[in-house]
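Here's the structure, in structure tokens; my notes come after.
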Amino acid sequence: QLQGNTDIYPVLPIERAFASCQLLASVVMLALLISKLTTVMQEMSETFIERRKLLNASREYLREHNISPQLSGRIKNYIGRKQDIETRHKHNKNELELLRVLPTELRRSLLEESRGAVVVEHVIFLAIKQCNRRFFQRLCCDLLHSSCILPDEHIFSLGVVCNHVYFVVAGETHYYASSGILRAMARCAS
């Protein structure tokens, strides 16, 4: 306690030593708390300033070039979503830092539980988990990775070989099947 009066007064040397150590420890803890709070506030301020600069620059560009309100709105929404995703992506760094300090077995268990919960909703991966636990753990630890796809980004396109599998954890995707006419047009274009 740094403030106020205490009713207990140290008399013996050991009590005085303990009181001194207690006072020193409380000063150090208070300094650490203030330091952490200051760091968090500074990071938030920097993030806010970066967001504001980008939004101001985009507004100025859109106004100077007389871009329609509909397209301007879409662009501003995209920038906002992109910044939100980037903020969430910064939180993934916490996962990497945590994984770096954990021992291998504990890290594998953590990844299996956190990533495995997503894929076991598919019956094939649930069967793999039940039949071969070690393989399922290696799948979760070594092959699954998180990524953020921004709105209006294409994951797969017509004619592109797909060499990844995506599990949608948050948000939504739209899938459009191509018709024979589109395939014929794509062949003619290439």
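Just so you know, these numbers come straight off a predicted model, no measurement behind them. Side chains are part of it too, since the values below use all heavy atoms of this structure and drop only hydrogens, waters and symmetry mates.
Take K76 and apply the side chain to side chain donor-acceptor pair (under 3.5 Å) test, not counting sequence neighbours, and it matches no residue. Remark: S109 engages E105, Q137 in a side chain to side chain contact (heavy atoms under 4.5 Å, CB included) (not counting sequence neighbours).
Connection of L30 to M41 is not established within any shared hydrophobic cluster, with ILVMFWY side chains joined at heavy-atom distances below 4.5 Å, either directly or through further cluster members. Criterion: ILVMFWY side-chain heavy atoms under 4.5 Å apart, direct or through other members. Under it, V168 and V118 are not part of a common hydrophobic cluster. Linking Ile, Leu, Val, Met, Phe, Trp and Tyr residues whenever their side-chain heavy atoms come within less than 4.5 Å leaves Y78 and L55 in two separate clusters. Note: the hydrophobic cluster containing V28 does not contain L37 (ILVMFWY, side chain heavy atoms under 4.5 Å, direct or indirect links). A single hydrophobic cluster is seen to contain both L71 and Y61, as judged by linkage of ILVMFWY side chains at heavy-atom distances under 4.5 Å, directly or through other members.
At least one donor-acceptor pair under 3.5 Å links the side chain of T47 to the backbone N or O of E43. Between the T38 side chain and the I34 main chain, a donor and an acceptor come within less than 3.5 Å of each other. Between the H122 side chain and the I124 main chain, a donor and an acceptor come within less than 3.5 Å of each other.
Annotation: side chain of V119 is not in contact with side chain of I128 (no heavy-atom distance under 4.5 Å). Between R107 and L110 the shortest side-chain heavy-atom distance does not fall below 4.5 Å.
Note: S58 OG to I67 CD1 = 11.5 Å, rounded to the nearest 0.5 Å. For the atom pair SG of C131 and CG of L126, the computed distance is 9.0 Å after rounding to the nearest 0.5 Å. Atom OG of S26 is separated from atom CG of L33 by 12.0 Å, given to the nearest 0.5 angstrom. Distance CD/Q22 to CZ/F18: 5.0 Å, rounded to 0.5 Å. Atom CG of L139 sits about 6.0 Å away from atom CZ of F125, to the nearest 0.5 Å. I49 CD1 to L54 CG: the interatomic distance, rounded to the nearest 0.5 Å, is 14.0 Å.
Of all heavy-atom pairs spanning C140 and L111, the tightest one is CB-O, 4.0 Å. When all heavy atoms of L102 and L106 are compared, the closest pair comes out as CD2-CD2, 3.8 Å.
More than 12 heavy-atom neighbours from other residues, nucleotides or ligands sit within 6.0 angstrom of CD on E46. Surrounding CD of E113 are at most 12 heavy atoms belonging to other residues, nucleotides or ligands under 6.0 Å away. By the neighbour-count criterion of 12 heavy atoms within 6.0 Å, atom CZ of R74 is sparsely surrounded, having that number or fewer from other residues, nucleotides or ligands. Counting heavy-atom neighbours within 6.0 Å of F167 CZ, excluding the residue itself, gives a total above 12. Taking a 6.0 Å sphere around CD1 of I14, one finds it holds 12 or fewer heavy atoms contributed by other residues, nucleotides or ligands.
Between K129 and E112, no side-chain nitrogen of the basic residue sits less than 4.0 Å from a carboxylate oxygen of the acidic one, so the salt-bridge criterion is not met.
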